[in-house]
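Heavy atoms only: backbone and side chains are in, while hydrogens, waters and symmetry mates are out.
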Amino acid sequence: YVEDSGSQLILNRVIISNNMAGNGAGIFNNGTMTLTDVVITSNGDVAVTSEGGGIYNKNSSTLNRVTIYANEADDGGGIHNDDTASNISLTNVTVSGNTAAGFGGGLANQAPATIVNSTFTLNNANNGGCIDNCDSIDMTNTILSGNTANSTNDDVIGAITSQGYNLIGNTSGISGLVASDITGVS
């Protein structure tokens, strides 16, 4: 739990699991956070955790070679990037098997995000099984496929800014793709 916006959290080679909280069951970040070679798993519960089963980001987060799986929240089962955040950056990150009762099984995004060389799969939500995007996402060489939604938009709700070479399984609800993106593939 990083409450002070001037605080810094740096984690390398750790596992964060089996935690419960109202927001950010795995990690609640209001400072500057850097995670490298970290696993965040089995945190939160849709009945207890409002936002961010794995991570709740309110400031700045950089994730490198991180696995976020089997977390639960009402919104943002894996990650909730709050509208007060300055940014979140994901490189070589796997977001899989997370659940949200509402929006964004893998990621509920409300602030600038950058996603590179990452995989989002097997996430589930009522809407936006993979990503519910309300802000900006720059995405390169990333897989969004095999996610499910109970009502609409299995993979993404909202626009992304594709930098190319992404694989998107279900394109209903997404805009911003470019010619080098591969679509309609599971």
Quiz item: What's the verdict on side chain to side chain donor-acceptor pair (under 3.5 Å) for Ser151 and Asn127, showing C-alpha distance, side-chain angles and the deciding distance?
Solution: CA-CA 6 Å; Ser151 56; Asn127 292 295; 2.6 Å; yes

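- The side-chain heavy atoms of Val66 and Val95, taken from C-beta on, include no pair separated by under 4.5 Å.
- Side-chain contact of Asn29 with Ser61: a donor-acceptor pair under 3.5 Å is present, judged by distance alone.
- The heavy-atom pair separating Gly77 from Ala100 by the smallest distance is N-CB, 3.8 Å.
- A heavy-atom distance below 4.5 Å is not found between the side chains of Asp138 and Thr140.
- Side chain of Asp181 to main chain of Ser162: no donor-acceptor pair is present (N/O by atom type, distance under 3.5 Å, no hydrogens or angles).
- Hydrophobic clustering of Ile, Leu, Val, Met, Phe, Trp and Tyr side chains at less than 4.5 Å, counting indirect connections, keeps Phe120 apart from Val185.
- Looking at Asn109, its side chain never comes within 3.5 Å of a backbone N or O of Leu107 through a donor-acceptor pair.
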Quiz item: Gln163 and Asn141: side-chain contact (heavy atoms from CB on, under 4.5 Å), yes or no, with the steps?
Solution: CA-CA 8 Å; Gln163 303 302 321; Asn141 199 35; over 6 Å; no

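- You'll find the side chain of Ile40 stays beyond 4.5 Å of the side chain of Ser17, heavy atoms only.
- The minimum heavy-atom distance between Leu90 and Ser118, with the atom names listed, is O-OG, 3.8 Å.
- Nearest heavy-atom pair, Leu177 versus Ile160, reported as atom, atom and distance to 0.1 Å: CD2-CD1, 3.7 Å.
- Rounding to the nearest 0.5 Å gives a distance of 5.5 Å between CG of Asp74 and OG of Ser50.
- At distances below 3.5 Å, at least one donor-acceptor pair connects side-chain atoms of Asn43 with backbone N or O atoms of Asn18.
- Looking only at distances, a side-chain donor or acceptor of Ser96 sits under 3.5 Å from a matching main-chain atom of Thr121.
- Val156 places none of its side-chain heavy atoms less than 4.5 Å from the side chain of Asp132.
- Side-chain contact check for Arg65 versus Val39: every heavy-atom pair is 4.5 Å or farther apart.
- The heavy-atom pair separating Ala73 from Gly52 by the smallest distance is CB-N, 3.7 Å.
- By the rule that hydrophobic residues join a cluster once side-chain heavy atoms approach within less than 4.5 Å of another member, Tyr69 and Ile15 end up as members of one cluster.
- Rounded to the nearest 0.5 Å, atoms CG (Asp75) and CG (Asp82) are 11.0 Å apart.
- Annotation: side chain of Val178 is not in contact with side chain of Asn166 (no heavy-atom distance under 4.5 Å).
- Note on Phe28 and Ile88: separate hydrophobic clusters, where clusters join Ile, Leu, Val, Met, Phe, Trp and Tyr whose side-chain heavy atoms are under 4.5 Å apart, directly or indirectly.
- Ser145 places no side-chain N or O within donor-acceptor distance of the main-chain N or O of Ile143, the cut-off being under 3.5 Å.
- Although no hydrogens or angles enter the test, the distance criterion places no donor-acceptor pair under 3.5 Å between the side chain of Asn133 and the main chain of Ile157.
- Minimum heavy-atom separation, Asn87 to Ser60: OD1-OG, 3.1 Å.
- Among the candidates Thr41, Leu63, Thr94, the single residue satisfying the side chain to side chain contact (heavy atoms under 4.5 Å, CB included) test with Ile68 is Leu63.
- When the side chains of ILVMFWY residues are joined at heavy-atom separations under 4.5 Å, either directly or via intervening members, Val93 and Ile115 end up in a single hydrophobic cluster.
- No donor-acceptor distance shorter than 3.5 angstrom exists from the side chain of Asn124 to the backbone of Gly97, with no hydrogens or angles considered.
- Just one of Asn30, Asn81, Thr84 meets the side-chain hydrogen bond (donor to acceptor under 3.5 Å, both in side chains) condition when paired with Asn57; it is Asn81.
- Nearest heavy atoms, Ala125 versus Gly102: CB-O, 3.7 Å.
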Exercise. Step by step, work out the side-chain contact (heavy atoms from CB on, under 4.5 Å) result for Asn23 and Lys58.
Key: CA-CA 11 Å; Asn23 286 318; Lys58 286 188 70 162; over 6 Å; no

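- Using a distance-only test at 3.5 Å, with no hydrogens or angles considered, a donor-acceptor pair links the side chain of Thr49 to the main chain of Asp45.
- Atom CG in Leu35 sits 6.5 Å away from atom CG in Leu9 (nearest 0.5 Å).
- Under the 3.5 Å distance criterion, the side-chain polar atoms of Asn98 are matched with a main-chain donor or acceptor of Asn71.
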Self-check item: Stepwise side chain to side chain donor-acceptor pair (under 3.5 Å) test for Asn147 and Asp155
Solution: CA-CA 6 Å; Asn147 302 283; Asp155 288 323; 2.9 Å; yes

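- Tracing side-chain contacts under 4.5 Å through hydrophobic residues (I, L, V, M, F, W, Y), one never reaches Leu122 starting from Phe103; they form parts of separate clusters.
- Of the possible donor and acceptor atoms, none in the side chain of Thr114 sits under 3.5 Å from a partner among the backbone N and O of Ile137.
- Between Met33 and Ile27 there is a side-chain heavy-atom pair separated by less than 4.5 Å.
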